[in-house]
2 protein chains.
Amino acid sequence: MSLTPLCEDLPQFLQNYLPNAGQTENTIVPFVTLTYAQSLDARVSRGPGVRTTISHPETKTMTHYLRHHHDGILVGSGTVLADNPGLNCKWGPDPAANSPRPIIIDTKQKWRFDGSKMQELFIKRQGKPPIVVVTSEPIIKEQHVDYAICPINDTTKLVDWKKLFEILKEEFNIRSVMVEGGANVINQLLLRSDIVNSLIITIGSTFLGSSGTEVSPPQTVNLKDMSWWKGITDVVLCARLADD
Amino acid sequence: MSLTPLCEDLPQFLQNYLPNAGQTENTIVPFVTLTYAQSLDARVSRGPGVRTTISHPETKTMTHYLRHHHDGILVGSGTVLADNPGLNCKWGPDPAANSPRPIIIDTKQKWRFDGSKMQELFIKRQGKPPIVVVTSEPIIKEQHVDYAICPINDTTKLVDWKKLFEILKEEFNIRSVMVEGGANVINQLLLRSDIVNSLIITIGSTFLGSSGTEVSPPQTVNLKDMSWWKGITDVVLCARLADD
């Protein structure tokens, strides 16, 4: 399905929140944008593994515009196993060249590139092959797939995010990453003002209901540099995580 | 604390969603506006009974502007027991005359007018005395307080909303009601497109965290006639509940 044209006022609205070359030249980690679409009741899907359309076509185009501006696009394995997303970039002249590299957090090594939408797009030269993040030597190594072995944080028992982003920059020259989900990944990174450079949230004007998959961090999170954009049915918030 | 001036573009933005005399002349129920402020993660407070500031001063003034346009303002007993709110209207020339009448859902008869902020404002001629909604003859009848005896819905075991709004119009000449909370009341009325005429939600750009009190109806709720307003840190959605 083709994208609707990009709203004219979006590039300027987004500009200060996008990665630019200068920012990450001398840093050991990439520029990280945390971005997702949610309903009014802060749900990102109707339920675990339920593919759900929340936002208006105009903000879907915005998502592809954001993908155009990032080297990598990171999602958890739950999202790829549920949605089988393409994660490529349909905005701009050359999808293959402009698509970010998919980065899949797959600590339990459950996902396969073979037979996936991503593989289909890669074969058609409309997307890049993925980097799969594992915590130990991969049992199966698939063709065209790179593997990033990243330690688990002993306290949280979760991916050591700081270490992972260092690996992505150092070993794979990923200078900017767009984190798109799932909820579990988002809820962890909302607490990391030391890692996340920009927060871009689309709010669709609908309620998905209390059994939906929600984004709500374990504690209060304050923001700074807030700016809103309003569309036909959605609004978009750009902000940064406050340091408190 | 005095209000900041009303944003100039708000009256026109709100106009189509406010009650007007013509709408409720021949109806047996008042015009009902469901309105509340929430965080990005759809929380209306940091926790049960925790008084929480979510919105910017400019949208707080909007709330008083809305109160100016309604005969009644309805909240659940949980909210009055927790926040001891004044529920009066500080916008406009004459608070006593322009304040809506507080309507307290107190099926367990736990709240008392005596010693409350509402009583203080009433004595100072800055607010009106309340109507207390009970399900049986009140054990204690306080001075200046009216009581609306409303049946419980046998299936839901909750207030029979349709019946209640009929009583408010018929017995107390309440032609418009602004429902401000708490979450339990909101979650019930979000399902009632047969009762709610307008939905006005303020979203503050902060996260209150997963232990906060959340607004999320038990099922998907679609909206229609959506319109957004953006302020300095908040956005406001005006809409109507779709009939599906």
Side-chain angles (χ1 to χ4, degrees), chain A residues 13 34 36 38-47 50 52-54 56 183-184 186-187 190-191 193 199-242 244, chain B residues 13 34 36 38-47 50 52-54 56 183-184 186-187 190-191 193 199-242 244:
Chain A
F13 167 70
L34 183 56
Y36 57 95
Q38 67 166 61
S39 62
L40 291 166
D41 50 346
R43 267 58 188 179
V44 291
S45 79
R46 265 206 190 81
V50 179
T52 309
T53 300
I54 295 171
H56 189 276
N184 186 18
I186 296 168
N187 285 328
L190 277 172
L191 302 179
S193 58
L199 176 65
I200 302 177
I201 306 173
T202 299
I203 303 177
S205 38
T206 186
F207 293 90
L208 291 182
S210 48
S211 55
T213 306
E214 80 170 319
V215 165
S216 181
Q219 64 201 49
T220 301
V221 171
N222 293 316
L223 305 180
K224 60 182 181 183
D225 311 330
M226 288 85 89
S227 176
W228 288 93
W229 173 88
K230 62 179 180 127
I232 297 171
T233 59
D234 304 347
V235 283
V236 176
L237 171 68
C238 282
R240 294 182 180 88
L241 300 179
D244 52 18
Chain B
F13 167 70
L34 184 55
Y36 57 95
Q38 67 167 60
S39 62
L40 291 165
D41 50 345
R43 267 58 186 177
V44 291
S45 78
R46 265 204 190 82
V50 179
T52 309
T53 301
I54 295 171
H56 188 277
N184 185 19
I186 297 169
N187 285 329
L190 277 173
L191 304 179
S193 58
L199 176 64
I200 302 177
I201 306 174
T202 299
I203 303 177
S205 39
T206 188
F207 292 90
L208 291 183
S210 48
S211 55
T213 305
E214 81 171 319
V215 165
S216 181
Q219 64 201 47
T220 301
V221 170
N222 293 315
L223 305 179
K224 61 182 181 184
D225 311 331
M226 289 85 88
S227 177
W228 288 93
W229 174 86
K230 63 179 180 131
I232 297 170
T233 59
D234 304 346
V235 283
V236 176
L237 170 69
C238 283
R240 293 182 181 89
L241 301 180
D244 51 17

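Protein chains get the first letters and strands the later ones, always in sequence-line order, with residue 1 at the start of each. None of the values given here were measured: they were computed from a predicted structure.
Counting heavy-atom pairs under 4.5 Å between each of B:I201, B:V235, B:T206 and chain A puts B:V235 at the top. In terms of heavy-atom pairs under 4.5 angstrom with chain A, the leader among B:V215, B:I203, B:L40 is B:L40. Annotation: maximal heavy-atom pairing with chain B below 4.5 Å, among A:G212, A:A42, A:G231, occurs at A:A42.
In this structure, the portion of A:E214 lying under 4.5 Å from any heavy atom of chain B is its side chain and not its backbone. For chain B, the nearby part of A:L199 is the side chain; its heavy atoms alone come within less than 4.5 Å. Of the two parts of B:L190, only the side chain, counted from C-beta on, holds a non-hydrogen atom closer than 4.5 Å to a non-hydrogen atom of chain A. For B:L237, the part lying under 4.5 angstrom from a heavy atom of chain A is the side chain only. Interface remark: B:D234 contributes backbone atoms only to the contact with chain A (heavy atom separation under 4.5 Å). For B:L241, no part lies under 4.5 angstrom from a heavy atom of chain A.
Put simply, CG on A:D41 and CG on B:N187 are 8.5 Å apart, with the number rounded to the nearest 0.5 Å. The structure places OG of A:S205 at 9.5 Å from CG of B:N222, a figure rounded to the nearest 0.5 Å. Put simply, CG on A:L223 and OG1 on B:T233 are 10.0 Å apart, with the number rounded to the nearest 0.5 Å.
Residues meeting the salt bridge (charged side-chain N to carboxylate O under 4.0 Å, His left out) test with A:K224, sequence neighbours left out: A:D243.
Across every non-hydrogen atom of A:S210 and B:P218, the tightest pair is OG-CA, 3.4 Å. Residues A:S216 and B:G209 share a closest heavy-atom pair of OG-C, 3.2 Å.
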